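The structure under discussion appears below in the form of C-alpha cells.
Numbers restart at 1 for each chain; the letters A, B, ... are given by sequence-line order, proteins then strands. Since the model is a prediction, treat every value here as computed from it, not as a measurement.
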Number of protein chains: 2
Amino acid sequence: MVTIMNKVQANAKPAGLRMTRQRRLILEELDAPGRHPTADAVYQQVRRRIPNISLGTVYRNLEVLSQAGMIRKLHIGSGQKRYDRKLHKHYHVHCVQCGRISDLPGGPFGDLEEVARGNSDFDIIGYELEFEGLCRQCKDSSPRQREPN
Amino acid sequence: MVTIMNKVQANAKPAGLRMTRQRRLILEELDAPGRHPTADAVYQQVRRRIPNISLGTVYRNLEVLSQAGMIRKLHIGSGQKRYDRKLHKHYHVHCVQCGRISDLPGGPFGDLEEVARGNSDFDIIGYELEFEGLCRQCKDSSPRQREPN
DNA sequence: TTCATAATAGTAACCATTACTGTCTTGGCG
DNA sequence: CGCCAAGACAGTAATGGTTACTATTATGAA
Ligand SMILES: [Mn+2]
Ligand SMILES: [Mn+2]
Ligand SMILES: [Zn+2]
Ligand SMILES: [Zn+2]
C-alpha cells in the first residue's frame with residue numbers, strides 16, 4: 001500500500017530491504033532536490049521527528065541505500081562524506097569558504113576518459129571531477145564560517 | 001598565525017625552516033619520483049633510519065612542507081591523504097582494487113573551468129580531477145588486497 | 001497471527017589526524 | 001668556537017568521523 005516500499009522494490013536492487021520509519025525519513029530528507037547533506041546533517045534533521053534515532057542507524061542506512069543504488073555517496077574535499085539522491089552523472093561545485101555544495105547545471109563534459117585512456121596503462125573505468133570556488137553568498141559578503149549544505 | 005608560509009614568501013626560499021634529520025628524510029622519501037605515499041607509509045619508511053621518530057612528527061612535517069609549497073597534499077578517494085613532491089598541475093589515476101596512485105602523463109586538459117563558469121553562479125577558482133581504474137597488476141592478476149603506493 | 005530475521009538504540013571500538021607538553025636541537029650571532 | 005631563543009622533537013592524549021557489536025524490537029511474507 002505504501003508507495004515508497006513499492007519504489008524500493010521497483011528500483012529492483014535488494015530483496016530483503018525493509019521499509020522502516022527511520023529509513024523512510026532518511027530517504028525523504030534526501031528527496032529534497034539540490035541537497036548534499038552530511039550524515040550528521042541528516043541525523044539532525046531526522047532527529048526532529050524521531051528524537052532517539054541513533055547516529056549509527058543513519059550511517060547504516062546511508063550505506064545500505066547507496067549499496068542498493070538508491071543514493072550516491074560523495075567524497076568531496078577532505079571533510080565528511082556527502083549523500084546525493086540525484087543518481088545520474090553530474091558535477092559539483094564546492095565553496096571553499098562555507099563548504100556548500102551545489103550541482104553544476106549542464107550535462108557531463110566531453111570524454112575525459114578517452115584522453116586518460118590514451119595516456120595510461122591503467123584500465124580506466126571513470127573519473128571524479130569537482131569544481132572549487134566561492135558561492136554567491138561568500139563571494140559578496142564578509143567571510144562566514146562553515147554552514148554546510 | 002604567522003608562520004612558515006609567510007617566511008617562505010618573504011625569503012622567497014624555504015629557509016626559515018630548520019633542516020632536521022627527520023625533515024630531510026621525510027623529504028627524501030617523497031623525492032623518489034612517481035610516489036604518492038600516505039603519512040603512514042612515509043612513517044614506516046623513515047622509521048627504518050630513525051626508529052623512534054614520532055608519527056606526529058611525520059604529520060607535522062608533511063603539513064608544514066605543504067604549507068611551504070614544497071610538497072602537495074592530495075585528497076583522493078575516501079581514504080588517507082597522500083603527499084606528492086611533483087608540484088606542477090597534473091592528474092592522477094587511482095586503482096580501485098589496490099589503491100595505487102599514478103601520475104597521468106600529459107599536461108592539463110583544456111579549460112574545464114571555463115565551462116563550469118558558464119554554468120554556475122559560483123566564482124570558480126579551480127577543480128579537482130582524478131581518474132579511477134585498474135592498474136596493470138590488478139588488471140591481469142587475481143584480486144589482491146590494499147598495498148598502496 | 002506467527003515467526004524468522006532485518007533493523008534498531010545504545011554504546012564501544014576504530015582509524016586517521018591533530019593538539020598538548022616537557023625536552024632536545026638548530027642555527028644566527030658574537 | 002659557544003650561547004641561547006625558539007623551532008622541532010618524542011611521547012602521548014584528544015578529536016572527529018565512521019564502523020562494529022549486542023541485546024531488543026519491529027517488519028512483512030506466509
Ligand atoms: Mn548532486
Ligand atoms: Mn602526482
Ligand atoms: Zn560559500
Ligand atoms: Zn591495482
In whole angstrom, what separates [X]'s [atom1] from [N]'s [atom2]?
| X | N | atom1 | atom2 | result |
| --- | --- | --- | --- | --- |
| A/Gln22 | D/dT27 | CD | P | 8 Å |
| B/Leu62 | C/dT17 | CG | P | 10 Å |
| B/Leu25 | D/dA8 | CG | P | 16 Å |
| A/Arg24 | D/dG28 | CZ | P | 9 Å |
| B/His75 | D/dG17 | NE2 | C1' | 16 Å |
| A/Lys73 | D/dG17 | NZ | P | 15 Å |
| B/Tyr43 | D/dC9 | OH | C1' | 13 Å |
| B/Ile50 | C/dT25 | CD1 | C1' | 13 Å |

Cationic N near anionic O, under 4.0 Å, B/Arg60 to B/Glu63 |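 Salt bridge: no.
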Pair B/Arg24 + B/Glu28, salt bridge at N-O below 4.0 Å =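 Salt bridge absent between B/Arg24 and B/Glu28.
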Mind checking [X] for me? I need base, sugar-phosphate or nothing, with any heavy atom below 4.0 Å counting as a touch.
| X | value |
| --- | --- |
| A/Arg21 | nothing |
| B/Arg60 | base |
| A/Asp40 | nothing |
| B/Ile53 | sugar-phosphate |
| A/Glu63 | nothing |

Aromatic A/Tyr127 / basic A/Lys89 pairing, under 6.0 angstrom, 45° off normal =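 Positive - A/Lys89 is close enough to the ring of A/Tyr127 and near enough to its axis.
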Name the residue closer to the 5' end of DNA chain D, choosing between B/Arg18 and B/Val58 according to the nucleotide with the nearest heavy atom.
->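 Residue closer to the 5' terminus by nearest nucleotide: B/Arg18.
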Got a donor-acceptor contact below 3.5 angstrom from the A/Arg85 side chain to the A/Leu30 backbone?
->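 No, the answer is negative, given that no donor and acceptor are paired below the 3.5 Å cut-off.
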Using atom types as modelled and distance alone, determine if a side-chain donor or acceptor of A/Asn119 lies under 3.5 Å from a backbone N or O of B/Pro105.
->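 Yes; at least one donor-acceptor contact below 3.5 Å.
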How close do A/Val58 and A/Ile26 get, heavy atom to heavy atom, and via which atoms?
->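 In this case the closest contact between A/Val58 and A/Ile26 is CA-CD1, 3.8 Å.
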Nearest-neighbour nucleotide for the [X] side chain, [options] considered:
| X | options | value |
| --- | --- | --- |
| A/Met19 | D/dG28, C/dA7, C/dT17 | D/dG28 |
| B/Gln80 | C/dT8, C/dA16, C/dG10 | C/dA16 |
| A/Thr57 | D/dG17, C/dA9, D/dA10 | C/dA9 |
| A/Tyr59 | D/dT19, C/dT17, D/dA8 | D/dT19 |
| B/Ala39 | C/dA9, C/dA4, C/dT17 | C/dT17 |
| B/Ser54 | D/dT18, D/dG11, C/dA7 | D/dG11 |

Is A/Thr20 near enough to C/dT8 that one of its side-chain N or O atoms lies under 4.0 angstrom from OP1 or OP2?
->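 The answer is yes; a side-chain N or O of A/Thr20 sits under 4.0 Å from OP1 or OP2.
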According to a strict under-4.0 Å criterion, is B/Asn61 in side-chain N/O contact with OP1 or OP2 of D/dC9?
->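 The answer is yes; a side-chain N or O of B/Asn61 sits under 4.0 Å from OP1 or OP2.
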